[in-house]
A.B. asks: 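Before I ask anything, let me first share the structure, which is written out below as structure tokens.
So you know, we letter chains A, B, ... as the sequences are listed, proteins then strands, and number each from 1. Side-chain atoms are counted along with the backbone in the values below, which use heavy atoms only and exclude waters and symmetry mates.
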Number of protein chains: 2
Amino acid sequence: MNDPLSHTRSKTHMRSVSPPSKQGIAADLIALLVAVNSGDPRVLTIQDQHALPSGPFELAHRSLQSGLRAWVERQTRLPLGYVEQLYTFADRDRIGAADQRVISISYLGLTREQAGSGRHETNWRSWYGYFPWEDHRLGAPPMEKMLRAGLAAWSDEAAERGSRHDRQRRAAMLFGFDGHVWNEELVLQRYELLYEARLIPEALRGDRPSARTTTATVPGDPMILDHRRILATGIARLRAKIKYRPVVFELMPDTFTLLQLQRCVEALAGKLVHKPNFRRLIEQQELVEDTGETSQETGGRPAKLFRFRRAVLAERAIAGTKLPISGS
Amino acid sequence: MNDPLSHTRSKTHMRSVSPPSKQGIAADLIALLVAVNSGDPRVLTIQDQHALPSGPFELAHRSLQSGLRAWVERQTRLPLGYVEQLYTFADRDRIGAADQRVISISYLGLTREQAGSGRHETNWRSWYGYFPWEDHRLGAPPMEKMLRAGLAAWSDEAAERGSRHDRQRRAAMLFGFDGHVWNEELVLQRYELLYEARLIPEALRGDRPSARTTTATVPGDPMILDHRRILATGIARLRAKIKYRPVVFELMPDTFTLLQLQRCVEALAGKLVHKPNFRRLIEQQELVEDTGETSQETGGRPAKLFRFRRAVLAERAIAGTKLPISGS
DNA sequence: TCTATTATACTGATGTTGAGTATAAGTCTT
DNA sequence: AAGACTTATACTCAACATCAGTATAATAGA
């Protein structure tokens with residue numbers, strides 16, 4: 001039998017291992033670091049650049065994740081509790097300039113916002129600054145009217161009646177128009193729809209300057225390259241994950257009240273939850289334990305302070321856990 | 001602060017865009033193609049090599065996914081319905097040889113097994129040949145005794161009593177020992193535990209020949225590099241996905257009976273489902289429509305032939321769907 | 001003392017899920 | 001041709017989870 005690792009074999013075979021490409025491709029590790037502060041989910045950006053921090057993947061790194069952990073912790077001194085791979089992108093048309101070619105391997109990391117640590121060129125920004133339409137905690141945001149108008153105009157652009165209907169239906173389903181329910185997990189799909197409808201500044205980058213002003217774009221800060229897409233991917237992933245994995249606690253201080261925990265979940269999910277049900281699930285699943293202390297900074301009756309039961313990470317590192325955010 | 005990661009730029013900034021690395025890194029696209037045939041979930045391999053087909057990512061490709069689609073469809077002539085990115089690996093210690101460095105971007109594709117199409121150097125193999133312990137359709141497989149013994153021995157190797165207990169607990173939770181429930185989605189975690197316990201041939205590759213024979217490994221065919229890990233990732237993903245997305249139909253012929261559909265789901269999940277409940281959910285969710293025809297090849301009462309209602313892809317491309325496989 | 005605010009405990013309706021049973025309509029065996 | 005066997009299909013019931021609402025407790029501030 002042939003040695004599958006050898007580089008010298010028949011050309012008619014599908015290859016099991018690639019020989020090193022003639023032209024090497026660069027690989028970047030991109031970090032989406034999330035913290036929650038006073039009801040605001042924030043991401044670490046490079047100051048005034050609207051860019052996510054990134055570093056190259058190098059031969060010295062043992063693995064992708066360890067490479068990421070290494071440079072993030074060294075540069076920011078943030079304690080990275082939870083880290084997971086998000087997605088790998090390499091779209092030629094999505095990075096603005098057509099000549100470079102980079103593979104972007106993005107990671108999501110959860111941490112606590114810490115003042116005065118790490119480099120000062122970095123900044124924590126609310127993710128709703130980039131995605132104002134994703135915050136439904138106070139009901140549909142005011143700017144939704146603009147979204148709706150822009151998407152309606154885009155639908156009307158379609159040539160056939162069938163595809164016009166199709167666009168309308170997709171917009172309605174994703175954004176919860178016309179009696180459709182708002183599903184907070186569809187962050188990426190909504191962003192991609194707006195991109196397709198050219199309501200997102202990033203989508204207009206390839207245009208010639210003369211053509212740029214024809215369409216009005218929607219509120220929400222753009223980012224460099226396809227970083228806003230990575231952010232959308234991360235928000236979607238996190239909103240899905242908090243429902244069945246106890247990852248919220250990575251974002252909480254050591255002790256907290258149940259309302260604080262609830263506010264954190266609501267900040268991430270972008271929608272409010274039913275208080276009694278939230279408490280019931282948290283307690284019934286024994287995710288937290290009483291510290292015996294109380295917090296009087298609530299403005300009302302003092303609240304018990306709880307602490308995450310670290311033991312659950314061992315008990316159900318695997319099996320699962322539920323947070324009460326209505327499924328659909 | 002020193003930045004050992006940067007080659008060229010100011011030492012005080014985190015970078016937002018990498019300059020092309022001096023030393024290019026090769027990127028491979030690895031395809032995990034799945035089909036189900038007569039109750040057997042199969043993966044496309046390169047003949048006699050126990051390797052997944054792969055191809056290099058090239059500058060000509062518009063995106064990673066389109067690159068993959070292009071060469072898979074060209075080389076195999078398989079209709080790739082559903083394709084999704086699995087994971088990106090680049091672990092130095094997991095590819096056998098320490099000198100090469102490749103980023104592997106793996107994709108999962110669903111298709112129907114077709115005879116005589118494409119290259120003949122390829123082969124469909126049951127995935128349970130690689131993961132015999134994952135098939136619980138007839139209850140726990142006989143080889144589970146070996147697994148259990150091997151894991152027990154590994155637990156006993158631990159120095160402290162605490163880590164001994166920890167190992168035992170992890171093994172029990174993942175494999176469903178001691179009253180723990182079997183969770184079919186934990187394919188990857190189980191594989192990684194066996195790898196850590198050195199019960200998997202792939203884990204012994206770095207060893208010196210003299211040390212190799214000390215441990216007995218567990219049944220199940222090994223694959224080259226870390227391809228078996230990619231397979232584990234794909235099985236896990238698919239087992240999770242069929243529960244809330246109508247992807248099973250990508251694996252079915254145009255018309256089918258409800259029992260055929262059930263057998264397909266069971267083949268993927270590796271466990272049996274309750275027939276009445278399965279039918280109830282399928283019909284109540286209007287995933288299928290009656291063709292008016294019947295199949296008499298059942299051996300009993302003729303069964304109605306159904307067809308997937310393609311409309312649901314538009315209706316809930318997004319919203320979700322449920323298949324009845326007990327959650328935990 | 002009254003009011004506003006938050007914490008905490010309980011209740012009922014509704015929906016989902018898991019499991020069991022009964023009947024129908026064919027094939028196969030003798 | 002009768003009976004056994006196999007598969008299809010329809011229905012029922014209990015357990016449990018989820019959603020929404022209400023009631024009471026304990027603090028701060030007017």
A.B. asks: Quick test: give all pairs of protein nitrogen or oxygen and nucleotides 9-11 of chain D nitrogen or oxygen below 3.5 Å, distance rounded to 0.1 Å.
C.D. replies:
from: D/dT9; atom 1: OP1; to: B/K304; atom 2: N; distance (Å): 3.0
from: D/dT9; atom 1: OP2; to: B/R279; atom 2: NH2; distance (Å): 2.4
from: D/dT9; atom 1: O5'; to: B/R279; atom 2: NH2; distance (Å): 3.3

A.B. asks: Tell me the interatomic distance from A/I282, atom CD1, to C/dA7, atom P, rounded to whole angstroms.
C.D. replies: 14 Å

A.B. asks: Given atom CZ of B/F278 and atom C1' of C/dT17, what is their separation to the nearest angstrom?
C.D. replies: 15 Å

A.B. asks: Pick the nucleotide of DNA chain D nearest each of A/Q284 and B/Q260; which residue has the one closer to the 5' end?
C.D. replies: B/Q260

A.B. asks: Report the distance from atom CG of B/L259 to atom P of D/dA8, rounded to the nearest whole Å.
C.D. replies: 4 Å

A.B. asks: Rounding to a whole Å, what distance do you find between A/L261:CG and C/dT6:C1'?
C.D. replies: 16 Å

A.B. asks: Which of these passes salt bridge (charged side-chain N to carboxylate O under 4.0 Å, His left out) with A/R309: A/E315, A/E289, A/E283?
C.D. replies: A/E315

A.B. asks: If I take atom CZ in residue A/R263 and atom C1' in nucleotide C/dT5, what distance separates them, rounded to the nearest angstrom?
C.D. replies: 12 Å

A.B. asks: With distance as the sole criterion, is a donor-acceptor pair present between the side chains of B/E250 and B/Y82 under 3.5 Å?
C.D. replies: no

A.B. asks: What is the distance, rounded to the nearest whole Å, between atom NZ of B/K243 and atom P of C/dT17?
C.D. replies: 12 Å

A.B. asks: Decide whether a cation-pi geometry holds between A/R190 and A/W182; the criteria are a distance under 6.0 Å from NZ or CZ to the six-membered ring centre and an angle within 45° of the ring axis.
C.D. replies: yes

A.B. asks: Check whether A/R42 reaches the backbone of A/W127 with its side chain - one donor and one acceptor, N or O, closer than 3.5 Å.
C.D. replies: no

A.B. asks: Any side-chain heavy atom of A/F131 sitting closer than 4.5 Å to one from A/L231?
C.D. replies: yes

A.B. asks: Nearest whole Å is fine: how far is D/dG21 P from A/R280 CZ?
C.D. replies: 14 Å

A.B. asks: Taking the side chain as C-beta and beyond, is there a heavy-atom pair between A/E184 and A/H136 under 4.5 Å?
C.D. replies: no

A.B. asks: Can you check the A/L272 CG to D/dA20 C1' distance for me, whole Å?
C.D. replies: 15 Å

